[in-house]
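Here the structure is laid out as structure tokens; the discussion comes afterwards.
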2 protein chains.
Amino acid sequence: MDLREKIIASSLRLFSEKGFHGVSVQDLVNDSMTSKGGFYHHFSSKDELLYVIHDKFISYVLSEAHSAKEKYDRPMKQLHEILKASVHVFDLYNEHITVFYQENKYLKQEYEEIIKQKRNEFKRIIYEVINDGQQSGDFRESLPPTITTMSILGMVNWTYKWYQRDGDKNIEQVSSVYIDLLMHGLLTDEALKDYERSSLYAELNF
Amino acid sequence: MDLREKIIASSLRLFSEKGFHGVSVQDLVNDSMTSKGGFYHHFSSKDELLYVIHDKFISYVLSEAHSAKEKYDRPMKQLHEILKASVHVFDLYNEHITVFYQENKYLKQEYEEIIKQKRNEFKRIIYEVINDGQQSGDFRESLPPTITTMSILGMVNWTYKWYQRDGDKNIEQVSSVYIDLLMHGLLTDEALKDYERSSLYAELNF
DNA sequence: GCGTACAGACCAACCAGTCGGTCTTAGTGA
DNA sequence: TCACTAAGACCGACTGGTTGGTCTGTACGC
């Protein structure tokens, strides 16, 4: 692991524990066993480091969401796959996500705009699936798609506040509950029957 | 409005906009048109001000949740009422909540413990309703109550990230969607029929 | 000998909190 | 009624400590 990665690893641990403002560049430098010079050789500022962490996570979750969506044609199945993949990311990038949601207020405007765009794209993917699903008859039409999108995002994103890798529930159990709850919540009676007959339902892990 | 309230009002606006660390005591003092002396006459530290904001919100939401729960005996109806009341608080205390969830990492330990206790009590109320409802047959038993509780909390709490008082959706529409989604997600087929026949369902505002 | 990777002393800016002081108001006693 | 006192409310210059970032080096591979 080179120095740049060591600094990022230290910052992830320290930022997610004490917050961006609770950790000084000197703390970072001590923890990763380098120096101020070393730090500023790799990053132009403390703010850039914060941006790098943000971008690494959001870019990853975005690519996962895209490929999950492309895997199926039917909205019901797309949603299943997107939920599964997005929640799984919380297992891999738990610390990135904690920093992402805790400290995004402190991103400098130039960085903020790049991140915002990617975050909106993620939102758009889910919105489209909901919308398509209402048109195709998978999802109940009485649900307004904007609020529904935010409900789903809330349920999923909140995971970072309480989920622990070494807790008594694993991430597949978590995503199974989200999927089960949301499928019952969203699907029409007929689509729900289809869903419960499908292989996707069978592989849920309670 | 006395000076203490003016300082709190300024801090709510500035903290929720720029974050706790993005606002200095001097900024606060300028905005509320007082002085360092005035500030420290009313608050022992910047941290105490942060605590006061936290406590005001969490104490309110807790009392609302308690009285919502006491209003009915049947878990299904208790949940309906708790969701409605909790989401409504987001309309009243939007700025408090933003500060609460954004800056709770930076609460000093002495304050943190008081807040944590109240937050856990809120969690416990929902957990109990879910648990009671599974025993009474209102809620599907295949859902693990812990993860289910956190799913609900996530959906509700995330509201602060996107809801705007002057947006095109009002808070009753938001809570109606949450309630509709969750009732379909949680209730057994029979309980759902009961629910849709009830007056609570009739008053939902889509 | 030249560019890249890193070291660490140093600095200017900022910030939470202090402290000596003023102004207002309420109470008291003659 | 008025002089005096005490206390609470508020003021703002000042301080000690911390922090992000800079700058002058140095070691080393090519």
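The sequence lines fix the lettering, A, B, ..., with proteins before strands; numbering per chain opens at 1.
Going from atom CG of B:L50 over to atom P of C:dC15 covers 17 Å, rounded to whole Å. In this structure, B:M33 atom CE and D:dC10 atom P are separated by 13 Å, rounded to whole Å. For the pair B:E48 CD and C:dA16 P, the computed distance is 15 Å after rounding to whole Å. Between B:K18 atom NZ and C:dC15 atom P the separation is 11 Å, expressed in whole Å. Regarding B:F43, its CZ atom lies at a distance of 16 Å from the P atom of C:dT18, rounded to whole Å. Atom CG of A:L28 is separated from atom P of C:dC6 by 15 Å (rounded to the nearest Å).
Atoms CG and CD, from B:D168 and B:Q173 in turn, are 8.0 Å apart once rounded to the nearest 0.5 Å.
A distance of 6.0 Å or more separates the ring centres of B:Y111 and B:H54.
For the pair B:K46 and B:F20, the distance from NZ or CZ to the six-membered ring centre is under 6.0 Å and the angle to the ring normal is within 45 degrees.
In summary, B:R119 and B:E112 engage in a salt bridge, as defined by a charged side-chain N under 4.0 Å from a carboxylate O. The existence of a salt bridge linking A:R13 and A:D31 is confirmed by a sub-4.0 Å separation between a basic side-chain nitrogen and an acidic carboxylate oxygen. Taking 4.0 Å as the cut-off between side-chain N and carboxylate O, A:D91 and A:R165 do not count as a salt-bridged pair.
Taking only side-chain nitrogens and oxygens, A:S35 comes nearer than 4.0 Å to OP1 or OP2 of C:dA7.
Other residues, nucleotides and ligands place no more than 12 heavy atoms under 6.0 Å from the CD atom of B:Q109.
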Any protein N or O atoms within reach of nucleotides 5-9 of chain D? Criterion: under 3.5 Å, listing atom names and distances.
from: D:dA9; atom 1: OP2; to: B:H41; atom 2: NE2; distance (Å): 2.7
from: D:dA9; atom 1: O5'; to: B:H41; atom 2: NE2; distance (Å): 3.2

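Between A:F100 and A:F57, the ring planes lie perpendicular to each other; the angle is over 60°, past the 30° to 60° tilted range.
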Quick tally for nucleotides 18-28 of chain D: nucleotides whose base has a protein heavy atom under 4.0 Å get B, sugar-phosphate-only ones S, the rest -, giving -SBBB------

